[in-house]
Amino acid sequence: MLPPAFYLQPTLRVARLLLGKILVHRRRGAVTAGRIVEVEAYRGPDDRAAHTAGGRRTPRNEVMWGPGGRLYVYFTYGMHYCCNVVTRTAGSPEAVLVRALEPLVGIPLMRRRRAGGGAHTTDALTRGPGNVCRAMGIDRRVNGADLCAGPIVILQAPRVRPVDIVASTRIGVAYAGPDALLPWRFSVRGSTAVSRPPR
DNA sequence: GACCGGATTGGC
DNA sequence: CCAATCCGGTCC
(Lines give C-alpha, C1' and ligand atoms only; values in the text may rest on other atoms or scores of the structure.)
Protein backbone atom coordinates (compact mmCIF):
# COMPACT_ATOMS: atom_id res chain seq x y z
CA MET A 1 0.00 0.00 0.00
CA LEU A 2 1.26 3.48 -0.79
CA PRO A 3 2.46 5.28 2.37
CA PRO A 4 0.88 8.57 3.54
CA ALA A 5 3.95 10.55 2.47
CA PHE A 6 3.41 9.51 -1.14
CA TYR A 7 0.38 11.76 -1.40
CA LEU A 8 2.09 14.85 0.00
CA GLN A 9 4.39 15.23 -3.00
CA PRO A 10 3.81 17.83 -5.71
CA THR A 11 0.60 17.11 -7.56
CA LEU A 12 2.07 16.73 -11.05
CA ARG A 13 4.57 14.24 -9.65
CA VAL A 14 1.86 12.25 -7.87
CA ALA A 15 -0.19 12.23 -11.07
CA ARG A 16 2.64 10.65 -13.05
CA LEU A 17 3.53 8.22 -10.27
CA LEU A 18 -0.07 7.02 -9.96
CA LEU A 19 0.09 5.55 -13.46
CA GLY A 20 0.55 1.81 -13.13
CA LYS A 21 -0.55 1.70 -9.49
CA ILE A 22 -3.48 -0.51 -8.44
CA LEU A 23 -6.73 1.01 -7.17
CA VAL A 24 -8.57 -1.47 -4.93
CA HIS A 25 -12.05 -1.34 -3.40
CA ARG A 26 -12.92 -4.00 -0.82
CA ARG A 27 -16.49 -3.91 0.37
CA ARG A 28 -18.09 -6.72 2.34
CA GLY A 29 -15.94 -9.28 0.61
CA ALA A 30 -16.59 -7.81 -2.81
CA VAL A 31 -13.27 -6.81 -4.33
CA THR A 32 -12.69 -4.81 -7.47
CA ALA A 33 -9.33 -3.54 -8.61
CA GLY A 34 -7.73 -1.98 -11.65
CA ARG A 35 -4.45 -0.58 -12.92
CA ILE A 36 -4.50 3.20 -13.23
CA VAL A 37 -3.74 4.21 -16.83
CA GLU A 38 -5.09 7.76 -17.14
CA VAL A 39 -5.20 10.68 -14.69
CA GLU A 40 -5.45 14.46 -14.64
CA ALA A 41 -3.84 16.92 -12.21
CA TYR A 42 -5.89 19.75 -10.69
CA ARG A 43 -3.64 22.16 -8.95
CA GLY A 44 -5.20 24.46 -6.40
CA PRO A 45 -6.37 28.06 -6.37
CA ASP A 46 -4.32 29.12 -9.41
CA ASP A 47 -5.78 26.42 -11.67
CA ARG A 48 -8.95 27.78 -13.23
CA ALA A 49 -10.09 24.27 -14.13
CA ALA A 50 -10.04 23.08 -10.49
CA HIS A 51 -13.06 23.07 -8.19
CA THR A 52 -10.88 25.12 -5.85
CA ALA A 53 -10.06 27.77 -8.48
CA GLY A 54 -9.65 31.18 -6.95
CA GLY A 55 -9.53 29.69 -3.46
CA ARG A 56 -13.17 28.57 -3.48
CA ARG A 57 -13.92 26.48 -0.40
CA THR A 58 -17.38 24.92 -0.27
CA PRO A 59 -19.02 21.85 1.26
CA ARG A 60 -18.48 19.94 -1.97
CA ASN A 61 -14.75 20.54 -2.30
CA GLU A 62 -13.95 20.49 1.42
CA VAL A 63 -12.01 17.21 1.12
CA MET A 64 -9.60 18.85 -1.35
CA TRP A 65 -8.67 21.31 1.38
CA GLY A 66 -7.71 18.53 3.76
CA PRO A 67 -4.48 16.52 3.83
CA GLY A 68 -3.32 14.44 0.89
CA GLY A 69 -4.14 10.75 0.81
CA ARG A 70 -7.92 10.99 0.89
CA LEU A 71 -10.48 10.31 -1.82
CA TYR A 72 -12.46 13.27 -3.20
CA VAL A 73 -15.67 12.07 -4.84
CA TYR A 74 -18.15 14.41 -6.48
CA PHE A 75 -21.39 14.01 -8.40
CA THR A 76 -21.79 15.68 -11.77
CA TYR A 77 -24.12 15.99 -14.75
CA GLY A 78 -26.94 14.68 -12.57
CA MET A 79 -25.79 11.08 -12.98
CA HIS A 80 -22.05 10.46 -12.70
CA TYR A 81 -19.48 10.31 -9.93
CA CYS A 82 -15.82 11.21 -10.41
CA CYS A 83 -13.07 10.27 -7.98
CA ASN A 84 -9.84 12.08 -7.17
CA VAL A 85 -6.78 11.40 -5.06
CA VAL A 86 -6.13 14.44 -2.85
CA THR A 87 -2.52 15.58 -2.78
CA ARG A 88 -0.20 17.79 -0.69
CA THR A 89 -0.77 19.02 2.84
CA ALA A 90 -3.92 20.47 4.37
CA GLY A 91 -4.57 23.96 3.03
CA SER A 92 -3.24 23.16 -0.46
CA PRO A 93 -6.42 22.10 -2.30
CA GLU A 94 -5.01 19.95 -5.08
CA ALA A 95 -5.99 16.54 -6.46
CA VAL A 96 -5.57 13.98 -9.22
CA LEU A 97 -8.65 12.80 -11.13
CA VAL A 98 -8.68 9.09 -11.99
CA ARG A 99 -9.94 8.85 -15.57
CA ALA A 100 -9.30 5.23 -16.59
CA LEU A 101 -8.22 1.83 -15.27
CA GLU A 102 -7.39 -1.52 -16.76
CA PRO A 103 -9.67 -3.95 -14.90
CA LEU A 104 -7.77 -6.59 -12.90
CA VAL A 105 -9.99 -8.07 -10.18
CA GLY A 106 -13.76 -8.45 -9.88
CA ILE A 107 -14.45 -8.08 -13.57
CA PRO A 108 -17.81 -9.92 -13.39
CA LEU A 109 -18.87 -7.57 -10.58
CA MET A 110 -17.79 -4.56 -12.63
CA ARG A 111 -19.82 -5.88 -15.51
CA ARG A 112 -22.88 -6.22 -13.28
CA ARG A 113 -22.46 -2.70 -11.95
CA ARG A 114 -22.21 -1.41 -15.51
CA ALA A 115 -25.18 -3.47 -16.72
CA GLY A 116 -27.89 -1.63 -18.57
CA GLY A 117 -25.64 0.10 -21.04
CA GLY A 118 -25.28 -2.90 -23.31
CA ALA A 119 -22.21 -5.08 -23.71
CA HIS A 120 -18.71 -3.81 -22.95
CA THR A 121 -15.23 -5.03 -23.61
CA THR A 122 -13.22 -5.48 -20.41
CA ASP A 123 -11.28 -2.25 -20.93
CA ALA A 124 -14.47 -0.29 -21.61
CA LEU A 125 -15.78 -1.15 -18.13
CA THR A 126 -13.47 1.43 -16.55
CA ARG A 127 -12.85 3.82 -19.44
CA GLY A 128 -13.69 7.39 -18.43
CA PRO A 129 -14.02 8.87 -14.92
CA GLY A 130 -17.75 8.22 -14.58
CA ASN A 131 -17.29 4.62 -15.65
CA VAL A 132 -14.38 4.11 -13.23
CA CYS A 133 -16.63 5.06 -10.34
CA ARG A 134 -19.57 3.01 -11.58
CA ALA A 135 -17.54 -0.16 -12.08
CA MET A 136 -15.59 0.26 -8.84
CA GLY A 137 -18.68 0.99 -6.73
CA ILE A 138 -17.42 4.46 -5.78
CA ASP A 139 -20.01 7.04 -4.77
CA ARG A 140 -20.62 9.79 -2.20
CA ARG A 141 -20.38 7.30 0.66
CA VAL A 142 -16.62 7.05 0.22
CA ASN A 143 -15.98 10.76 -0.21
CA GLY A 144 -13.15 11.64 2.18
CA ALA A 145 -12.05 8.02 2.71
CA ASP A 146 -8.44 7.61 3.84
CA LEU A 147 -6.54 5.79 1.09
CA CYS A 148 -4.17 4.38 3.69
CA ALA A 149 -7.02 2.80 5.67
CA GLY A 150 -9.70 1.52 3.29
CA PRO A 151 -12.22 0.54 2.06
CA ILE A 152 -10.38 1.97 -0.91
CA VAL A 153 -6.58 1.73 -1.12
CA ILE A 154 -3.87 2.11 -3.73
CA LEU A 155 -1.20 -0.57 -4.03
CA GLN A 156 2.41 -0.12 -4.99
CA ALA A 157 3.31 -1.46 -8.44
CA PRO A 158 6.17 -1.13 -10.89
CA ARG A 159 6.35 2.44 -12.09
CA VAL A 160 5.55 3.35 -15.65
CA ARG A 161 8.72 4.57 -17.34
CA PRO A 162 8.64 8.25 -18.23
CA VAL A 163 9.04 7.38 -21.89
CA ASP A 164 5.75 5.48 -21.69
CA ILE A 165 3.82 8.40 -20.18
CA VAL A 166 1.96 10.69 -22.55
CA ALA A 167 1.10 14.24 -21.41
CA SER A 168 -1.84 15.97 -23.06
CA THR A 169 -4.53 18.55 -22.34
CA ARG A 170 -7.29 17.83 -19.86
CA ILE A 171 -10.76 16.77 -20.98
CA GLY A 172 -13.89 18.87 -20.55
CA VAL A 173 -12.31 21.99 -19.08
CA ALA A 174 -12.81 24.48 -21.91
CA TYR A 175 -14.39 26.83 -19.34
CA ALA A 176 -10.92 27.29 -17.81
CA GLY A 177 -9.68 29.52 -20.63
CA PRO A 178 -5.89 29.42 -20.98
CA ASP A 179 -5.58 26.77 -18.27
CA ALA A 180 -7.39 24.38 -20.58
CA LEU A 181 -4.16 24.23 -22.57
CA LEU A 182 -1.99 22.95 -19.72
CA PRO A 183 -0.63 19.44 -20.44
CA TRP A 184 -1.82 17.99 -17.15
CA ARG A 185 -3.50 14.83 -18.39
CA PHE A 186 -1.23 11.81 -18.19
CA SER A 187 -1.83 8.41 -19.73
CA VAL A 188 0.02 5.17 -20.32
CA ARG A 189 1.24 4.99 -23.89
CA GLY A 190 -0.61 2.35 -25.86
CA SER A 191 -3.12 1.38 -23.18
CA THR A 192 -6.42 0.43 -24.76
CA ALA A 193 -8.34 1.55 -21.66
CA VAL A 194 -7.48 5.25 -22.06
CA SER A 195 -10.68 7.27 -22.48
CA ARG A 196 -9.70 9.40 -25.47
CA PRO A 197 -6.61 9.55 -27.66
CA PRO A 198 -4.19 12.14 -26.25
CA ARG A 199 -4.03 15.39 -28.19
C1' DG B 1 -35.47 30.93 -3.92
C1' DA B 2 -34.11 31.21 -8.89
C1' DC B 3 -31.08 30.19 -12.36
C1' DC B 4 -27.15 28.31 -14.71
C1' DG B 5 -24.18 24.87 -16.09
C1' DG B 6 -21.19 20.95 -15.17
C1' DA B 7 -13.49 17.51 -14.35
C1' DT B 8 -19.71 12.75 -18.51
C1' DT B 9 -21.76 9.31 -21.19
C1' DG B 10 -23.96 6.94 -24.83
C1' DG B 11 -27.07 7.04 -28.53
C1' DC B 12 -28.49 9.01 -33.09
C1' DC C 1 -24.95 16.51 -32.35
C1' DC C 2 -27.56 16.27 -28.12
C1' DA C 3 -30.48 14.62 -24.17
C1' DA C 4 -30.29 12.77 -19.61
C1' DT C 5 -30.77 14.37 -14.79
C1' DC C 6 -29.55 16.51 -10.22
C1' DC C 7 -26.86 19.35 -7.46
C1' DG C 8 -23.74 22.87 -6.29
C1' DG C 9 -22.47 27.58 -6.69
C1' DT C 10 -23.83 32.14 -7.14
C1' DC C 11 -26.49 35.93 -6.85
C1' DC C 12 -30.98 38.14 -5.94
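No hydrogens, no waters, no symmetry mates; every other heavy atom, side chains included, goes into these values.
When the options A/Val160, A/Leu2, A/Leu155 are evaluated for a side-chain contact (heavy atoms from CB on, under 4.5 Å) with A/Lys21, the one that passes is A/Leu2. A/Ser191 pairs with exactly one of A/Arg35, A/Glu102, A/Arg127 by the side-chain hydrogen bond (donor to acceptor under 3.5 Å, both in side chains) rule, that one being A/Glu102.
Near DNA chain B, meaning a heavy atom under 4.0 Å away, the residues from residues 42-56 of chain A are A/Tyr42, A/Ala49, A/His51.
A salt bridge is absent between A/Glu40 and A/Arg170: the closest approach of a Lys/Arg side-chain nitrogen to an acidic carboxylate oxygen does not fall below 4.0 angstrom.
Look at the P atom in both B/dA2 and C/dT5: the space between them is 22 Å, to the nearest Å.
Whole-Å rounding puts the A/Met79 CE to B/dA7 C1' distance at 15 Å. Regarding A/Leu125, its CG atom lies at a distance of 10 Å from the P atom of B/dG10, rounded to whole Å. When rounded to the nearest whole Å, the span between NE2 of A/His80 and C1' of B/dG5 equals 15 Å. A/Leu97 has its CG atom 16 Å from the P atom of B/dG6, to the nearest Å. Rounded to a whole Å, the CZ atom of A/Arg170 is 15 Å from the P atom of B/dG6. As rounded to whole Å, 8 Å separates atom C1' of B/dA7 from atom OH of A/Tyr77.
Aromatic rings of A/His51 and A/Tyr74 (six-membered ring for Trp) have centroids within the 6.0 Å cut-off, being under it.
Judged by the 6.0 Å and 45° rule, A/Arg140 forms no cation-pi pair with A/Tyr81.
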5'-to-3' dot-bracket of DNA chain C (Watson-Crick, G-U; under 3.5 angstrom; crossing pairs as [ ]; | other strand): ||||.||||||.
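Residue contacts for A/Arg134: at a heavy-atom cut-off of 4.0 Å it reaches no nucleic acid atom on any strand shown. Looking at heavy-atom distances under 4.0 Å, A/Asn131 makes contact with sugar-phosphate atoms alone, never a base.
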Full working for side chain to side chain donor-acceptor pair (under 3.5 Å) between A/Glu38 and A/Ser195: CA-CA 8 Å; A/Glu38 181 185 351; A/Ser195 64; 2.8 Å; yes
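Here A/Arg43 contributes atom CZ and A/Ser92 contributes atom OG; the two are 11.0 Å apart, rounded to the nearest 0.5 Å. A/Asn84 CG to A/Met64 CE: the interatomic distance, rounded to the nearest 0.5 Å, is 6.5 Å. A/Asp139 contributes atom CG, which lies 11.0 Å from atom SG of A/Cys83 (distance to the nearest 0.5 angstrom).
Heavy-atom neighbours of A/Arg57 CZ from other residues, nucleotides or ligands within 6.0 Å: above the threshold of 12.
The side chain of A/Arg99 places an N or O atom within less than 4.0 Å of a non-bridging phosphate oxygen (OP1 or OP2) of B/dT8.
Chain A approaches DNA chain C within less than 4.0 angstrom (heavy atoms of the protein), and the contacting nucleotides run 5' to 3' from C/dA4 to C/dT10.
Toward the 5' end of DNA chain B, the nearer of the two residues A/Tyr175 and A/His120, judged by each one's closest nucleotide, is A/Tyr175.
Between the side chains of A/Thr192 and A/Asp123, at least one donor N or O lies within less than 3.5 Å of an accepting N or O.
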